Amino acid sequence: MRTIEASGGAIDEGPGWWAAREAIDTVHRKQQRAAPRRTWVAAAPGEDALMQSTVSVANAYLLARDEVVGGMSERTRRLRVWTVPSGHTA
């Protein structure tokens, strides 16, 4: 681990820093796409195969959800918020 000087103070560079840096870079890459995803899951470098598989499944779900929601009109999205089961009763 090493310390990086920044305008807001020193930042310890370690696994968390690198994971955050990768998330920022990923956002920038996705912004360049024609239909960027809004949500995704990331695992820290060095995670085991089970975690990588879990992340891949979660991202597949989120991509499908974003595609469906992205195709909805603004009104449909607003109405849909009130009909999605949340496990809570009103």
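What's counted below: heavy atoms across the whole structure, side chains too, no hydrogens, waters or symmetry copies. Worth saying up front: this structure is predicted, and the values here are computed from it rather than measured.
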*So, do T76 and L79 sit near enough that their side-chain heavy atoms are less than 4.5 Å apart?*
no

What donor-acceptor contacts under 3.5 angstrom involve side-chain atoms of residues 48-58, with partners at least two apart or in another chain?
{"unit_1": "D48", "atom_1": "OD1", "unit_2": "L50", "atom_2": "N", "d": "3.4"}
{"unit_1": "D48", "atom_1": "OD1", "unit_2": "M51", "atom_2": "N", "d": "2.8"}
{"unit_1": "T54", "atom_1": "OG1", "unit_2": "L50", "atom_2": "O", "d": "2.8"}
{"unit_1": "S56", "atom_1": "OG", "unit_2": "Q52", "atom_2": "O", "d": "3.1"}

_To check you understand the geometry: which heavy-atom pair defines the closest contact between N59 and V41, and what is its length?_
OD1-N, 2.6 Å

_Holding to side-chain hydrogen bond (donor to acceptor under 3.5 Å, both in side chains), I want the full list of residues that pass it with E22, two or more places apart in sequence or in another chain._
T26, R29

*Residues clustering with V68 (ILVMFWY side chains joined when closer than 4.5 Å, directly or via others)*: M72

